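Being a predicted model, the structure only gives us computed values, none of them experimental. When reading the values below, keep in mind they use all heavy atoms of this one structure, side chains included, and skip hydrogens, waters and symmetry mates.
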Amino acid sequence: MTRPETAPRTEADARQEILTRLDQLQDLFVRRLSEDRDKRHLIEDLGDRLRAAEDGVVREYLTPIVVGAARVIDRIDAYAHAENQTAHEPGSPGEQHLAFVRSLGSELISLLEQHGVEQVRVRVDEPFDPHVHDMVHLRGDHSAQGALRVHAVLRRGFHYRSQLLRPAQVVAAVTVPGTEHPVP
């Protein structure tokens with residue numbers, strides 16, 4: 001058996017074949033880059049849509065539940081504060097009742113935390129932050145030039161991830177520049 005003879009390849013033919021293959025590889029590379037860019041844009045778009053959908057669910061369903069639970073927690077806190085003003089004998093029914101009521105508030109907060117809802121952390125004397133604090137009263141000289149600091153916390157605030165569901169209600173005080181003491 002004899003093989004059919006192929007025409008001898010010239011150096012110019014070999015170069016042309018290499019150039020053709022390089023062009024094909026370049027086209028493939030450009031196409032893949034374009035596809036990767038399109039996929040990245042699609043993934044970013046889907047991520048944006050998912051975040052928007054989550055935000056809508058938080059606003060529509062989670063916020064009313066958290067605000068309702070927060071009102072119950074407010075009532076428990078107010079009751080516990082009022083009962084703290086009353087002297088109860090250790091082990092008395094009044095003290096046991098107060099401990100029970102406080103445990104209900106703790107359980108509600110724990111339940112919210114189990115579902116990703118956290119309390120806005122607020123400490124007295126920290127700087128006032130209008131993004132998470134709702135100022136209901138300002139102590140000190142309103143015309144004084146000074147920083148605002150949290151003077152008292154009136155009710156708890158709550159957030160879910162980066163979304164504020166209810167700001168913490170605080171009393172703020174104007175502080176003397178250079179100190180952390182309220183302006184009288």
Side-chain angles (χ1 to χ4, degrees), residues 44 46-184:
E44 289 171 359
L46 290 173
D48 292 343
R49 288 179 186 199
L50 178 61
R51 280 186 289 283
E54 280 181 343
D55 289 348
V57 168
V58 167
R59 274 191 303 277
E60 186 173 351
Y61 298 107
L62 188 61
T63 300
I65 291 169
V66 170
V67 169
R71 287 183 184 139
V72 173
I73 293 167
D74 292 343
R75 290 177 61 198
I76 290 170
D77 288 345
Y79 177 81
H81 180 72
E83 283 296 307
N84 268 345
Q85 308 306 317
T86 307
H88 293 288
E89 293 292 321
S92 70
E95 185 178 282
Q96 292 173 359
H97 180 71
L98 180 57
F100 173 74
V101 169
R102 282 190 177 138
S103 73
L104 290 176
S106 295
E107 285 181 44
L108 269 173
I109 291 169
S110 177
L111 180 64
L112 292 174
E113 288 173 348
Q114 288 173 13
H115 294 283
V117 176
E118 297 178 0
Q119 290 187 68
V120 172
R121 301 291 175 205
V122 182
R123 291 187 321 268
V124 172
D125 288 332
E126 76 180 11
F128 173 80
D129 182 355
H131 296 103
V132 293
H133 301 144
D134 179 23
M135 179 176 28
V136 294
H137 183 69
L138 178 62
R139 291 193 53 180
D141 183 1
H142 298 202
S143 63
Q145 296 296 320
L148 290 178
R149 300 191 77 74
V150 174
H151 180 72
V153 180
L154 302 179
R155 73 171 195 197
R156 303 166 195 252
F158 295 91
H159 65 91
Y160 178 76
R161 295 185 182 158
S162 63
Q163 255 189 351
L164 183 65
L165 303 176
R166 184 178 96 159
Q169 204 172 60
V170 300
V171 173
V174 179
T175 57
V176 175
T179 72
E180 293 185 5
H181 301 349
V183 173

Checklist entry - Is the CD atom of E89 crowded by more than 12 outside heavy atoms at less than 6.0 Å? => result no
Checklist entry - How about H151 and H137: do any of their side-chain heavy atoms sit closer than 4.5 Å? => result no
Checklist entry - Looking at CG of L62 and CG of L165, how far apart are the two atoms once the value is rounded to the nearest 0.5 Å? => result 5.5 Å
Checklist entry - For H133 and V122, what are the C-alpha separation, side-chain angles and deciding distance, and is it a side-chain contact (heavy atoms from CB on, under 4.5 Å)? => result CA-CA 8 Å; H133 301 144; V122 182; 3.7 Å; yes
Next on the checklist: Closer than 4.0 angstrom, basic N to acidic O: yes or no for R51 and D48?
Outcome noted: yes
Checklist entry - Nearest 0.5 Å, what's the CG-CZ distance between D77 and R102? => result 9.5 Å
Checklist outcome for this item: Sorted by chain and residue number, the ring-ring contact (aromatic ring centres under 6.0 Å, His included) partners of Y160 (sequence neighbours excluded) come out as none
Checklist entry - Is there a side-chain contact (heavy atoms from CB on, under 4.5 Å) between V170 and V124 once you walk through the steps? => result CA-CA 9 Å; V170 300; V124 172; over 6 Å; no
Next on the checklist: Could you measure the distance from the CD atom of E95 to the CG atom of L98? Nearest 0.5 Å is fine.
Outcome noted: 7.5 Å
Next on the checklist: Has R166 got a side-chain atom pairing as donor or acceptor with R156's backbone, closer than 3.5 angstrom?
Outcome noted: yes
Checklist entry - Is there side-chain contact between M135 and L148, with heavy atoms separated by less than 4.5 Å? => result yes
Checklist outcome for this item: Taken to the nearest 0.5 Å, the spacing of R71 CZ from R155 CZ works out to 8.5 Å
Checklist entry - By side-chain contact (heavy atoms from CB on, under 4.5 Å), which residues pair with R121, not counting sequence neighbours? => result E113, Q119
Checklist entry - Quick one: ring-ring contact (aromatic ring centres under 6.0 Å, His included) pairs with a partner in residues 62-86, sequence neighbours left out? => result Y79-H97
Checklist entry - Distance from R161 atom CZ to E118 atom CD, nearest 0.5 Å? => result 10.5 Å
Item to check | Shortest non-hydrogen contact between P127 and V150, atoms and distance | outcome: O-CG2, 4.3 Å
Item to check | Verdict with reasoning, L112 to L108, per side-chain contact (heavy atoms from CB on, under 4.5 Å) | outcome: CA-CA 6 Å; L112 292 174; L108 269 173; 5.7 Å; no
Checklist entry - Taking it one step at a time, do H131 and V120 satisfy side-chain contact (heavy atoms from CB on, under 4.5 Å)? => result CA-CA 11 Å; H131 296 103; V120 172; over 6 Å; no
Next on the checklist: Is any side-chain heavy atom of V132 closer than 4.5 Å to one of H159?
Outcome noted: no
Checklist entry - Do the non-hydrogen side-chain atoms of V72 and I76 ever get within less than 4.5 Å of each other? => result yes
Checklist entry - Is a side-chain donor or acceptor of S103 paired with a backbone partner of F100 at a separation under 3.5 angstrom? => result yes
Item to check | Gap separating the CD1 atom of I109 from the CZ atom of F158, nearest 0.5 angstrom | outcome: 5.0 Å
Next on the checklist: Do Q114 and L111 make a side-chain contact, defined as non-hydrogen atoms from C-beta onward lying under 4.5 Å apart?
Outcome noted: yes
Item to check | Closest contact, heavy atoms only, R59 versus P64 | outcome: O-CD, 3.7 Å
